[in-house]
Number of protein chains: 2
Amino acid sequence: MKLTVAEENYIKSIYKLQDGSTAVNTNAIAYELDTKPASVTDMAKKLKEKRLIDYEKYQGITLTTEGRKLALQIVRRHRLWECFLVEKLSFSWDEVHEIAEELEHVGSEKLVNRLSEFLGNPTTDPHGDPIPDAQGKISKSKQLVSLDKATTRRLEVAGVSDQSSALLEFLHAKGVKLGTQIDVIERYEFDNSVEIKIKNQPAFTISEQVSKTIMVKPL
Amino acid sequence: MKLTVAEENYIKSIYKLQDGSTAVNTNAIAYELDTKPASVTDMAKKLKEKRLIDYEKYQGITLTTEGRKLALQIVRRHRLWECFLVEKLSFSWDEVHEIAEELEHVGSEKLVNRLSEFLGNPTTDPHGDPIPDAQGKISKSKQLVSLDKATTRRLEVAGVSDQSSALLEFLHAKGVKLGTQIDVIERYEFDNSVEIKIKNQPAFTISEQVSKTIMVKPL
DNA sequence: ATTATTATTTAGATTTGTCTAAATTATATT
DNA sequence: AATATAATTTAGACAAATCTAAATAATAAT
Ligand SMILES: [Mn+2]
Ligand SMILES: [Mn+2]
Ligand SMILES: [Mn+2]
Ligand SMILES: [Mn+2]
């Protein structure tokens with residue numbers, strides 16, 4: 001099955017957001033792809049028609065087996081190109097994502113496999129994320145880190161280690177929940193507090209205690 | 001100026017067909033891009049609007065200085081990727097064109113220049129065609145070969161060394177003219193005749209004498 | 001149980017790139 | 001010069017991917 005660039009980007013985003021087996025919601029995909037929810041609904045109908053996702057109105061989206069297979073191929077291409085850019089063309093790891101976002105859509109299987117071979121069949125990309133093999137087999141993604149130890153600027157909230165309702169309430173009020181993407185604006189050494197920002201919201205600062213409880217993964 | 005993939009393909013085709021300074025005609029572009037003349041006219045209006053081509057109804061198309069500059073960038077990317085595929089990924093020279101046709105549209109300047117460096121700044125691609133440098137400077141294209149000495153399967157007619165009207169008439173009747181693309185089907189050793197084919201026409205055989213007069217360039 | 005808020009979908013429109021069929025212009029032939 | 005043929009353009013349509021604004025459904029708050 002040959003997909004358009006737009007379809008591939010959707011499939012990849014759904015794969016990314018569908019951690020474990022939760023159904024992915026429309027708004028999350030729209031945010032991830034920097035588009036509008038209405039566009040996501042439109043595309044959902046097409047991808048369902050092509051049997052790449054399961055989708056019922058208002059019920060969220062999950063990849064079918066076929067969709068997941070394709071997603072893994074795209075992820076494989078993306079991460080292999082990232083390796084190439086860093087290892088062979090001396091790019092730094094923060095420059096490669098955008099470029100790989102385009103290169104991943106060049107579909108030749110032979111190209112991808114030759115590239116992998118050329119790179120010595122790497123198993124992780126420059127960001128530590130695992131690279132699926134030619135059969136789509138992928139090792140479990142890297143373990144989570146607490147926000148206070150994270151080293152990247154853009155992060156995704158993947159869990160909270162302290163389940164106290166007071167903390168959760170605070171986070172909820174601030175708009176922080178599972179899957180929320182945050183940008184680290186600044187880290188203050190004097191008290192190890194961290195200033196963070198969520199898209200379309202004002203930046204705010206959280207204490208070291210809080211930052212220790214937020215489990216994140218780099219994006 | 002950021003171009004779409006379609007626009008880039010048109011610009012590149014016009015560059016390719018516009019050898020020297022002849023205006024390129026609609027049908028030639030349509031043939032080259034495997035599309036319809038009506039689509040070429042539509043695109044011509046857009047490219048004129050963007051000041052990448054000079055175009056007046058029924059008068060053919062030529063690149064502007066700006067258009068030529070962009071064409072050379074695309075050609076540069078295409079040929080560098082072909083080098084990469086052959087030299088680094090062990091592709092054979094007849095497999096690389098299609099893939100490079102996609103890779104050429106990844107626009108990052110930094111990527112192209114790093115790639116060139118990585119390859120040792122090559123000056124010709126696997127087909128012997130010159131690679132423009134980062135400033136768009138390109139060495140004159142390789143000299144033409146007569147059809148009987150050509151080594152590639154797909155060729156473009158670039159001239160005729162014998163201008164006798166009888167020969168030209170014959171060629172004209174067969175549909176062979178400047179810019180015609182031909183495929184070599186077979187070469188017969190017993191009399192050095194060559195069976196060739198033009199798109200959408202039945203294959204036919206030409207004698208050694210004729211094949212010596214047809215000047216071609218590999219595609 | 002209402003009401004307010006948020007998430008999602010629908011309806012209708014736009015842009016890009018393409019097509020077919022018909023009309024027009026240019027070129028070649030008689 | 002008239003006519004036939006070839007090249008090109010126009011008119012009208014379509015699919016893909018997107019958007020805005022309005023309608024609807026689900027969820028949360030009172
Ligand atoms: Mn992409
Ligand atoms: Mn990565
Ligand atoms: Mn191309
Ligand atoms: Mn080439």
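Numbered from 1 within each chain, the chains take letters A, B, ... in sequence-line order.
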Q. Contact class for Asn25(A) (heavy atom, under 4.0 Å): base, sugar-phosphate, or nothing?
A. sugar-phosphate
**Q.** Minimum heavy-atom distance between Gly136(A) and Leu72(A), given as atom pair plus value
**A.** O-CD1, 3.3 Å
Q) Does the side chain of Asp148(A) reach to within under 4.5 Å of the side chain of Val194(A), using non-hydrogen atoms? A) no
Q: Pick out which of Lys16(A), Lys217(A), Lys199(A) makes a salt bridge (Lys or Arg N to Asp or Glu O under 4.0 Å) with Glu156(A).
A: Lys217(A)
(Q) Can you tell me which residue among Lys46(A), Lys50(A), Lys2(A) is in a side-chain hydrogen bond (donor to acceptor under 3.5 Å, both in side chains) with Glu7(A)? (A) Lys50(A)
Q | N/O (side chain, Lys45(B)) to phosphate O (OP1/OP2, dT9(D)) under 4.0 Å | A | no
Q: Among residues two or more places apart or on two chains, list those pairs meeting ring-ring contact (aromatic ring centres under 6.0 Å, His included) that have a residue in residues 2-46 of chain A.
A: none
Q: Let me know the distance between CD1 of Ile61(B) and C1' of dT8(D), rounded to the nearest Å.
A: 11 Å
Can you tabulate the close N/O pairs, meaning under 3.5 Å, that link protein atoms to atoms of nucleotides 15-17 of chain D?
| from | atom 1 | to | atom 2 | distance (Å) |
| --- | --- | --- | --- | --- |
| dA17(D) | OP1 | Thr4(A) | OG1 | 2.3 |
| dA17(D) | OP2 | Lys46(A) | NZ | 3.3 |

Q | Nearest heavy atoms of Leu80(A) and Ser116(A), plus distance in Å | A | CD1-CB, 3.8 Å
Q.
Treating Glu32(B) as the side-chain partner and Leu17(B) as the backbone partner, does any N or O pair qualify as donor plus acceptor under 3.5 Å?
A. no
Q.
Measuring to OP1 and OP2 of dT10(D), would you say a side-chain N or O of Thr41(B) lies under 4.0 angstrom away?
A. no
Q: Go through Phe84(A) and Leu103(A) one step at a time and tell me if the side-chain contact (heavy atoms from CB on, under 4.5 Å) criterion holds.
A: CA-CA 11 Å; Phe84(A) 170 73; Leu103(A) 287 166; 5.7 Å; no
**Q.** Protein-nucleotide distance (Ile29(B), atom CD1; dT9(D), atom P), rounded to Å
**A.** 9 Å
Q) For Leu33(B) and dT16(C), what is the distance between atoms CG and P respectively, to the nearest whole Å? A) 19 Å
**Q.** Residue pairs involving residues 33-78 of chain B (criterion ring-ring contact (aromatic ring centres under 6.0 Å, His included); sequence neighbours excluded)
**A.** His78(B)-His97(B)
Q: Could you identify which residues of residues 48-55 of chain A place a heavy atom less than 4.0 Å from some atom of DNA chain C, listed by residue number, or say none?
A: Tyr55(A)
Q: Might you point out which heavy atoms bring Thr152(A) and Val184(A) nearest each other, and give the distance in Å?
A: O-CG2, 4.1 Å
Q) Can you tell me if the side-chain N/O atoms of Asn27(A) get under 4.0 Å from OP1 or OP2 in dT8(C)? A) yes
Q) Once each nucleotide of nucleotides 20-30 of chain C is scored for protein heavy atoms under 4.0 Å, what B/S/- sequence comes out, 5' to 3'? A) B---BS-----
Q. Residues two or more places apart in sequence or in another chain: which of them pass side-chain hydrogen bond (donor to acceptor under 3.5 Å, both in side chains) with Asp183(A)?
A. Arg154(A)
